[in-house]
Amino acid sequence: MKSVVGKPVIKAALGLAAATLMSVSAMAELTVGFVQTGSESGWRTAFTNATKAEAEARGYDFKFADAQGKQENQIKAIRSFIVQGVDGIVLAPLVTTGWDKVLKEADRAGIPVVLVDRGLDSDPSLYVTSVGSDFTMEGAMIGAWMAVETEGTCDIVELQGAVGADAAIKRQAGFANVIENFPGMQIIASQTGSWSSTGGKEVMESFLKSIGGENICAVWAHNDNMAIGAAQAIKEAGLQPSEDILIASVDAITDIFKTMADGETNVTLELSPYQGAAAFDALEAHLAGEDVPKRITVPGGLFYPETAAEEYARRK
Amino acid sequence: MMNLKGLSINPKIWGPILSLVAIIVIMGIIDPGFVRIEFKDGRFYGSLIDVLVRATPTAIIALGMAVVIGTRGIDLSVGSVVAICGAVAAMLITETDLSFASVMVLSLAAGGVIGMLNGIMVSYIGIQPIIATLILMVSGRGIAQLITGGRSVSFDSVAMDIIGSGMFLAIPVRIWIAAGLLLLTILVMRKTAIGLFIESVGANARASRYVGIEARLFKMFAYVFSGICAALAGVILIADVGIAEINRLGLWLELDAILAVVLAGGSLNGGRIYLGLTIIGALIIQTLTTIIFSSGVPVEYNLIVKASIILAVLLVQSPTTQAAIKDLNMKRKGVRT
């Protein structure tokens with residue numbers, strides 16, 4: 001039987017299916033396609049699951065595409081969503097370039113695209129908005145936490161990410177913006193730990209010797225790995241990390257919760273995996289004809305030692 | 001050439017050592033805290049101890065690199081081998097109940113096997129060393145990511161803690177490991193014929209074959225040794241904090257190792273192996289890194305400062321400079337007499 005059905009027939013059937021989908025969705029529930037980068041980390045999986053749950057709660061007809069880390073897969077997925085005639089596409093772009101053509105195709109088909117997690121370098125008119133967390137804000141939130149914790153008096157050493165990395169530059173700037181309002185707070189040393197725990201440990205070791213552990217009030221690490229390394233260096237110098245020297249970092253990787261539960265760091269900040277809701281809100285507003293700002297920031301949440309053991313068990 | 005050897009041996013050997021001493025003395029004058037060593041909590045404590053501890057992975061890799069370069073080869077894959085073997089060790093610790101000794105043996109064996117593949121490509125198939133090892137340098141990190149599923153692996157292991165930050169007789173365990181490996185390598189290279197054969201293979205492979213040395217086998221052995229050294233460095237690096245961060249583990253270490261060999265006076269044209277001086281070379285690199293970390297140089301200048309000082313050291317050691325100094329001395333003597 002199958003051999004009888006020729007290609008043109010399949011195409012016609014697909015077209016018909018797309019047409020019915022469009023007409024149905026125009027009347028009732030929205031059909032939304034989500035193009036994810038892949039499932040490269042625990043955070044990414046949490047992001048996918050949270051987005052799925054949100055779509056379910058809103059009663060969407062939710063279509064999911066896992067690009068397995070390849071931009072070409074993402075482009076293919078967008079094209080197939082266009083063919084299926086979805087009402088909107090949510091895209092977590094893997095890279096910043098190479099999107100113009102496929103975004104124009106979506107634009108021509110009249111399908112709005114909302115970006116999540118990361119932005120891209122195309123004409124902003126080709127997408128509705130870019131939803132994401134903001135490195136500058138992350139730095140600022142840690143700065144604010146530290147100002148409260150130390151009542152505005154603290155000599156801070158900073159462990160930077162890789163030199164020139166966007167996340168490092170912005171986290172540094174956001175943190176500096178906050179603490180410059182407190183005359184008692186200053187960064188007394190700043191070096192790169194190259195994002196790694198070994199790097200963080202090595203730099204912290206040399207700070208402890210050149211500055212002296214008793215003269216350091218807090219460590220501000222641009223990621224959790226470096227914070228874990230710094231905690232170890234402080235321990236080996238005979239001091240108690242998180243008590244003698246505060247440690248704050250960003251990322252909320254699984255390992256930091258173990259270190260925090262052991263009482264060795266004070267706070268971490270999670271990039272919000274709940275960007276789906278904001279993206280869907282923007283999409284609905286756009287479809288209803290409202291104006292949507294081109295950039296929507298979703299703040300992350302701070303995590304403290306009190307819940308660390310619980311979080312570690314949950315994420316392991 | 002042989003006649004000159006007697007004359008030139010002194011500056012060649014003393015060059016790296018004097019450079020290291022000069023760097024430490026200058027830093028000691030600028031910041032006396034840098035050379036202070038205290039004894040507290042049953043361990044020596046100070047920046048110079050940090051230098052020794054932090055230099056061990058580079059020094060161990062550089063030992064293997066020195067032997068490979070002695071055969072007129074080069075091993076660019078060591079940084080990736082560090083990542084692969086670190087991944088193997090971390091996975092064996094977390095996913096199996098193997099004893100620590102078996103974990104060590106298997107991880108080092110993994111490095112040896114990878115080294116053997118490099119060696120076969122170079123000596124039996126005849127691919128140029130820089131290309132043969134470049135293949136693994138590029139693909140190795142991907143292999144390491146496959147082993148761990150792309151994530152960092154953290155582990156709890158008392159034995160690894162001891163390797164990472166333990167003490168034996170108030171001296172860090174990893175320094176004992178590096179010193180033991182250095183002694184063993186010196187014994188094999190200097191007290192047996194193997195070292196002589198390897199150097200002769202590097203100096204002139206064809207002549208060595210004509211006198212009956214199985215040149216290809218010795219070349220391959222050099223790569224196996226380099227692989228095992230890299231594996232050992234990988235185990236030490238992941239033991240440091242108890243996490244195998246595959247994406248960054250051993251990144252760019254091959255370049256530091258090659259630099260250490262060159263600082264020691266080794267020629268990339270092969271034929272000479274300076275083991276002790278290679279360790280000095282690794283210590284020079286690490287001393288500079290530690291100085292930069294503790295001196296408050298803005299991060300953008302890290303590599304520029306490091307490169308400038310290393311360039312100065314290499315200039316001082318270069319044969320042209322040495323000859324110029326010798327000329328000056330001769331002239332001065334000539335004037336006196």
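What's counted below: heavy atoms across the whole structure, side chains too, no hydrogens, waters or symmetry copies. Chain letters run A, B, ... following the sequence lines, proteins first and then strands; every chain starts at 1. Note that the structure is a prediction, hence the values are computed from the model and not measured.
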Q.
Counting only heavy atoms from other residues, nucleotides and ligands, does the tally under 6.0 Å from CG of B:Leu255 exceed 12?
A. yes

Q.
If you count heavy-atom pairs within less than 4.5 Å of chain B, which of A:Ser210, A:Gly200, A:Gly199 leads?
A. A:Ser210

Q | Partner chain A: residue of B:Ser152, B:Ser47, B:Ser295 with the largest heavy-atom pair count (under 4.5 Å) | A | B:Ser47

Q: I would like to know whether A:Gln191 and B:Ile292 meet side-chain contact (heavy atoms from CB on, under 4.5 Å); could you show each step before the answer?
A: CA-CA 9 Å; A:Gln191 248 303 337; B:Ile292 289 168; 3.8 Å; yes

Q. What part of A:Thr254 gets closer than 4.5 Å to chain B, counting heavy atoms only: side chain, backbone, both or neither?
A. neither

Q) A:Lys201 side chain to B:Asp240 main-chain N or O, any donor-acceptor pair under 3.5 Å? A) yes

Q) Where on A:Ala237 is there a heavy atom nearer than 4.5 Å to chain B: the side chain, the backbone, both, or neither? A) both

Q. CD/B:Glu245 to CG/A:Asp255 distance, rounded to the nearest 0.5 angstrom?
A. 8.5 Å

Q. Any side-chain heavy-atom pair from A:Glu202 and B:Val53 closer than 4.5 angstrom?
A. no

Q. Is A:Glu310 atom CD crowded by more than 12 heavy atoms from other residues, nucleotides or ligands, each under 6.0 Å away?
A. no

(Q) Between A:Lys258 and B:Asp156, is the side-chain contact (heavy atoms from CB on, under 4.5 Å) condition met? List the steps. (A) CA-CA 11 Å; A:Lys258 183 162 168 284; B:Asp156 273 321; 3.3 Å; yes

Q.
As an exercise, state the distance from CD1 of B:Ile243 to CG of A:Asn225, rounded to the nearest 0.5 Å.
A. 6.0 Å

**Q.** Closest approach of A:Thr192 to B:Val299 (non-hydrogen atoms, all atoms of both residues)
**A.** N-CG1, 3.3 Å

Q) From B:Leu249 CG over to A:Thr198 OG1, what is the distance, rounded to the nearest 0.5 angstrom? A) 7.0 Å

Q: Tell me, for A:Ser196 versus chain B, whether the close heavy atoms (under 4.5 Å) come from the side chain, the backbone, both or neither.
A: both

Q. Minimum heavy-atom separation for A:Phe207 to B:Phe293, with atom names?
A. CE2-O, 3.5 Å

Q: Count the heavy atoms of every other residue, nucleotide or ligand shown that sit under 6.0 Å from OH of A:Tyr274, and state whether that count exceeds 12.
A: no

Q | Region of A:Val203 that comes under 4.5 Å of a non-hydrogen atom in chain B | A | both

**Q.** Pick from B:Pro298, B:Ser154, B:Gly242 with the largest number of heavy-atom pairs that fall under 4.5 Å of chain A
**A.** B:Ser154

Q: Below 4.5 Å from any heavy atom of chain A, which atoms of B:Leu237 appear? Answer side chain, backbone, both or neither.
A: both

Q) With only heavy atoms counted, which part of B:Gln145 is less than 4.5 Å from chain A, the side chain, the backbone, both or neither? A) neither

Q | For the student: nearest non-hydrogen atoms of A:Lys209 and B:Gly46, plus distance | A | CD-C, 3.8 Å

(Q) Can you tell me which portion of A:Glu205 sits under 4.5 Å from chain B's heavy atoms? Options are side chain, backbone, both or neither. (A) both

